[in-house]
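Single-structure report; data block below.
Residue numbering restarts at 1 for every chain, and letters A, B, ... go by the order of the sequence lines. Model, not experiment: these values are computed from the prediction.
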Protein chains: 2
Amino acid sequence: MVRRTKEQAEATREQLLDAAEALFCNTGVASTTLDLIARAAGVTRGAVYWHFKNKAEIFEAVCDRATSPMGTMLDTLANDPGDDPLGALERQAGDILILVATDARIRSVLEILFRGFDGGPEFAEYLAREEQNKRQCRCQIQSILEVAVARNQLPPHVKPADAAVAVTAFVGGLMHDWVIDQDYDLANMARWLTKIFFNGLRHG
Amino acid sequence: MVRRTKEQAEATREQLLDAAEALFCNTGVASTTLDLIARAAGVTRGAVYWHFKNKAEIFEAVCDRATSPMGTMLDTLANDPGDDPLGALERQAGDILILVATDARIRSVLEILFRGFDGGPEFAEYLAREEQNKRQCRCQIQSILEVAVARNQLPPHVKPADAAVAVTAFVGGLMHDWVIDQDYDLANMARWLTKIFFNGLRHG
DNA sequence: TTAGATACATACACGAATGTTTGTAAATCG
DNA sequence: CGATTTACAAACATTCGTGTATGTATCTAA
């Protein structure tokens, strides 16, 4: 109840984020009041307003904590497709599925994002960035597929743009379905799932 | 202002649902107040509370109006897989994609559902039914795939349960991605997309 | 050592949306 | 043709969360 040292302050900040993450995931974002977050973290709303501007800022911090590590994965592949772009893409698709199925924090945050919510214009801005992000992923996948076509890894009549739509839908759909209702072992199925899908692409 | 005839009352009910559908889709469910719905329909909140118990009941009515026609499609196929179950499933997957891409009302409602929201426990009940619905879809698809394996339309090592996961993820992912950010012609791509995916299944 | 900044707790003010109650004119029924 | 119900409008009360203002005990730096 009194002034804490810097490390203690940072600890309460993390506790607030942990509490918010759990509450957002279980109770929903809109139904999670700042007072609930504060109580769950063992502090009061005063602490919340000290560390964050409002609920939207907490939300962004919670999401960034999990999504930022995922962001860079595709970038590196798009920059250097290597000599087996299609195989590398298949492998990375499986890697991401396994990562989602393994990392608890990513799973929680994805569940929050997938279940969705709507908290007025504050959050709309963040969600717009998320959509922009997803579009960029499709573009990167498309560019990788263009290299794959050029190397005859795909039949020439396959349009990379269309195939990119299919890839993102499949991987995104798997992530979504499993996060919302995980009653199967995604981590162990990941390699097989990506294999049959990419085989379909190869045989056009 | 005044007492309306029964048909007029039913008309205002439909207008309320139309207004709610549009507002839910554009502004979001949580941000849409009952007063907004009433004004958009040219009435007051009095009319809203006359026709519906609360916002959750409006939401269910809006959703049911669009999703109920979709529900029966899979049922009939699961009951009678025919002599080409895999082909029929592929065709129906394409049909659903085309339906989603063509019907404006379905698109709106799916956009509401996909963007998500959270309106407390009132809505949780409906969403739980939705999830249960989706699980049942997977089961039906799985049963169709079992018939397909029995008829040697799929390699014997393909596990129907796993393949059902893939099918629902792919179709659901396509619907989701296009509804959220439709900048490609899903109706025209539907047949090709389902073809390459099911070819992948066939070649295991 | 002390002056100020820090990290909160506490209390208050405010709007906004909901649910409810009451009013009312016209439609429907006997 | 009268009584009653219907289909709303309008006003009210209440809750609930947010934002902010203020208090305060400690930490920190000079």
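With ring centers used as reference points, F24(A) lies 6.0 Å or more from F117(A).
Side-chain atoms of Q153(A) and D84(A) form a donor-acceptor pair, as typed in the model, at a separation below 3.5 Å.
Of the charged side-chain nitrogens involved, none lies within less than 4.0 Å of a carboxylate oxygen, so that R91(B) and D95(B) do not count as a salt-bridged pair. Ion pairing of R129(A) with E60(A) is present here, as a side-chain N (NZ or NE/NH1/NH2) and a carboxylate O approach within less than 4.0 Å. Taking the charged nitrogens against the carboxylate oxygens, E21(B) and R65(B) do have a contact shorter than 4.0 Å, which makes a salt bridge. Salt-bridge annotation for R115(B) and E131(A): present, with a side-chain N of the basic residue lying under 4.0 Å from a carboxylate O of the acidic one.
Contact between the side-chain N/O atoms of T33(A) and the OP1/OP2 oxygens of dT18(D) is found at a separation under 4.0 Å. Taking only side-chain nitrogens and oxygens, T12(B) never comes nearer than 4.0 Å to OP1 or OP2 of dA7(D). Residue K55(A) has a polar side-chain atom (N or O) positioned under 4.0 Å from OP1 or OP2 of dT18(D).
Contact check of residues 36-53 of chain B against DNA chain C (heavy atom, cut-off under 4.0 Å) returns R45(B), Y49(B). Less than 4.0 Å separates DNA chain C from no heavy atom of any residue of residues 15-29 of chain B.
The nearest heavy atom of DNA chain C to T5(B) and to T32(B) marks one nucleotide each, and the one closer to the 5' end goes with T32(B). Both D35(B) and E7(B) lie near DNA chain C, and the one whose nearest nucleotide falls closer to the 5' end is D35(B).
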